[in-house]
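Below is one structure, written out as structure tokens; the observations come after it.
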Amino acid sequence: MFDLKVIHSVLSQLEEERGIPKEKIIEAIEMALATAYKKEYGKRGQIVRATFDLNSGKADFFQVKKVVDDSTVIFEEESETPEPAHTERGDRNERNERQEKEVVLAEGEKERFNPEHHILIEDAKKIKKDAMLGDEMIFPLEAKNDYGRIAAQTAKQVIIQKIREAEKTSVLKEFGIREGEIVSGTVQRMERGNVFLDMGRASGILPYEEQIPGEHYRQGERIRVYLSRVEETPKGIFLRLSRAHPKFLAKLFEIEVPEIVGGVVEVKAVAREAGSRSKIAVSSNDSHIDPVGSMVGQRGVRVSTVMSELGGEKIDIIEWSAEQEKFIEDALSPAKTLKVTLDTAEQKATVMVAEDQQSLAIGKGGQNVRLAAKLTGWKIDIQATKTKAEEKESEGDTEKAS
């Protein structure tokens with residue numbers, strides 16, 4: 001019935017190329033055989049199972065019955081008085097009765113007794129003394145090798161469907177463990193601003209809002225992206241990708257900085273406006289290791305590599321501090337602050353800076369203070385004040401004027 005050489009070859013190929021275990025394919029073959037058998041020789045309500053021996057190519061078929069009693073199933077009356085004619089009222093009553101029965105089944109209270117599907121517990125105990133309610137009784141069926149065209153086509157569809165399901169599970173497992181990591185893909189096409197990537201065994205989408213502004217992608221180009229989410233859709237597995245995600249920046253540094261992988265340097269927070277500027281706060285678990293120096297690298301080679309990947313995006317590397325005043329002060333760099341006052345109730349920080357530092361602290365379009373607020377988690381209010389030197393200078397100017 002089966003060409004075992006071909007089956008073994010197909011099983012090995014599917015396992016190597018698509019990552020589908022042999023057990024899943026054998027399960028698909030058994031389900032297909034059972035479906036074909038039921039289609040050709042089975043009775044209504046009958047549950048058929050099959051086992052397939054890969055070594056001999058032999059298939060065995062079984063009927064499965066569930067052990068029940070009158071407390072778990074409904075016994076329909078054997079004789080019912082038929083209505084003399086189908087009237088509108090009679091049809092409506094019949095529909096209502098059918099709906100009532102469907103409600104009972106939907107609630108899972110009781111099933112209708114079917115001799116092909118159920119076996120009474122008293123009969124089950126005659127076959128198996130320790131049979132209990134809910135057990136499954138298995139009865140061998142006569143083996144058949146001759147199937148009609150429709151049954152064979154149905155079996156083929158079952159195998160294809162099971163292989164698709166197994167492949168989907170395999171892809172989910174492969175990419176599920178890589179969620180939150182950097183992956184590489186080849187640009188397939190651009191559509192309505194979105195970029196579709198070939199990720200090997202799955203397709204990925206890089207939405208317009210997750211792209212770095214100003215970047216242009218070419219068909220066939222290989223790019224690195226952050227795998228933010230794995231989605232299961234009716235069309236298959238789709239990977240949600242990003243190059244604008246703050247964690248993309250952190251993961252790029254993880255690739256370039258061995259101290260992060262070793263756990264010596266830790267990325268505490270990231271604030272990012274993709275394509276323009278980012279701030280990243282780091283700390284060291286070793287007093288002998290400078291976290292900022294580790295991120296920058298010798299002659300700035302590490303940070304330059306990351307900046308190059310991000311299209312020249314400016315990156316401020318800040319040493320994280322448990323003292324919130326110090327952390328906020330550093331987060332506003334390159335501006336120099338005079339005083340930081342915290343309002344813990346409103347999570348608000350008032351920062352005093354010299355007049356000549358105000359514009360630097362705020363940044364172009366408010367970018368510097370906005371990124372500092374994201375990085376620290378505090379609302380930051382920049383206020384300018386004159387230093388003593390500036391006050392003396394202004395007093396001198398006033399005296400000269402008078």
Side-chain angles (χ1 to χ4, degrees), residues 171-188 195-207 209-218 220-230 237-286 288-320 330-331 371 374-375:
V171 173
L172 272 173
K173 185 178 178 182
E174 179 187 336
F175 285 100
I177 59 174
R178 298 176 71 186
E179 195 172 294
E181 298 291 333
I182 289 179
V183 293
S184 296
T186 306
V187 177
Q188 280 184 324
V195 180
F196 291 85
L197 280 78
D198 178 9
M199 308 300 292
R201 297 178 62 205
S203 295
I205 180 170
L206 181 63
E209 61 274 12
E210 294 297 334
Q211 298 169 24
I212 296 175
E215 276 194 338
H216 300 284
Y217 310 99
R218 298 185 304 276
E221 179 185 6
R222 193 161 184 82
I223 60 173
R224 290 200 287 183
V225 287
Y226 177 77
L227 178 55
S228 57
R229 195 164 69 252
V230 180
I237 305 300
F238 253 88
L239 311 177
R240 302 289 293 187
L241 310 169
S242 175
R243 280 180 62 82
H245 202 289
K247 287 186 178 178
F248 183 52
L249 174 66
K251 288 293 178 181
L252 285 172
F253 270 112
E254 193 174 305
I255 293 169
E256 298 298 326
V257 183
E259 289 86 347
I260 295 177
V261 180
V264 179
V265 173
E266 186 180 349
V267 176
K268 289 287 190 178
V270 180
R272 188 175 178 215
E273 291 188 0
S276 180
R277 191 175 178 183
S278 297
K279 287 181 183 284
I280 182 166
V282 291
S283 67
S284 175
N285 298 320
D286 187 339
H288 298 94
I289 301 293
D290 173 22
V292 176
S294 298
M295 299 288 280
V296 173
Q298 192 174 17
R299 296 181 182 177
V301 67
R302 291 176 179 176
V303 71
S304 295
T305 305
V306 175
M307 287 171 67
S308 177
E309 175 66 39
L310 301 176
E313 185 175 312
K314 293 178 182 177
I315 302 171
D316 296 340
I317 303 170
I318 298 145
E319 186 170 358
W320 180 84
D330 291 341
L371 285 171
K374 284 182 185 177
L375 191 74

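All heavy atoms count here, side chains included; hydrogens, waters and symmetry mates do not. All of these numbers come straight from a predicted model, not from anything done at the bench.
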I'd like to know if [X] and [Y] make a salt bridge, using a cut-off of under 4.0 Å between side-chain N and carboxylate O.
| X | Y | value |
| --- | --- | --- |
| Glu174 | Arg201 | yes |
| Arg178 | Glu181 | no |
| Arg243 | Glu210 | no |
| Glu319 | Lys268 | no |

Side-chain contact test, heavy atoms from C-beta onward, threshold under 4.5 Å: evaluate it for [X] versus [Y] and give yes or no.
| X | Y | answer |
| --- | --- | --- |
| Met307 | Glu313 | no |
| Leu239 | Ile205 | no |
| Glu266 | Asn285 | yes |
| Pro291 | Glu259 | no |
| Ser203 | Asp198 | no |

Do any N or O atoms from the side chain of [X] and from the backbone of [Y] form a donor-acceptor pair under 3.5 angstrom?
| X | Y | result |
| --- | --- | --- |
| Glu221 | Arg218 | yes |
| Arg302 | Ser294 | yes |
| Arg224 | Val183 | no |
| Thr186 | Gly220 | no |
| Asp316 | Ile280 | no |

By ring-ring contact (aromatic ring centres under 6.0 Å, His included), which residues pair with Phe248, not counting sequence neighbours?
-> none
Can you find a side-chain donor-acceptor pair between Arg222 and Ser184 that sits under 3.5 Å?
-> no
Ser278 and Glu273 side chains, donor-acceptor separation under 3.5 Å | no
[atom1]-[atom2] distance between [X] and [Y], expressed to the nearest 0.5 angstrom:
| X | Y | atom1 | atom2 | value |
| --- | --- | --- | --- | --- |
| Ser242 | Ile182 | OG | CD1 | 10.5 Å |
| Met295 | Ile318 | CE | CD1 | 10.5 Å |
| Glu254 | Leu249 | CD | CG | 11.5 Å |
| Phe238 | Phe196 | CZ | CZ | 6.0 Å |
| Leu241 | Leu227 | CG | CG | 6.0 Å |
| Ile317 | Asp330 | CD1 | CG | 13.5 Å |

Ignoring hydrogens, what is the shortest heavy-atom contact between [X] and [Y]? Give both atom names and the distance.
| X | Y | result |
| --- | --- | --- |
| Ser228 | Glu179 | O-CG, 3.8 Å |
| Asp286 | Ser284 | O-OG, 2.7 Å |
| Val267 | Ala250 | CG1-CB, 4.3 Å |
| Met199 | Phe175 | O-CZ, 3.6 Å |

Between Phe253 and the options Val265, Val270, Ile260, the side chain to side chain contact (heavy atoms under 4.5 Å, CB included) test singles out Ile260
Sequence-distant partners of His216, side chain to side chain donor-acceptor pair (under 3.5 Å), two or more places apart | none
Please test Leu310 against Arg272 for side chain to side chain contact (heavy atoms under 4.5 Å, CB included), starting from the C-alpha separation and ending with a verdict.
-> CA-CA 11 Å; Leu310 301 176; Arg272 188 175 178 215; 3.3 Å; yes
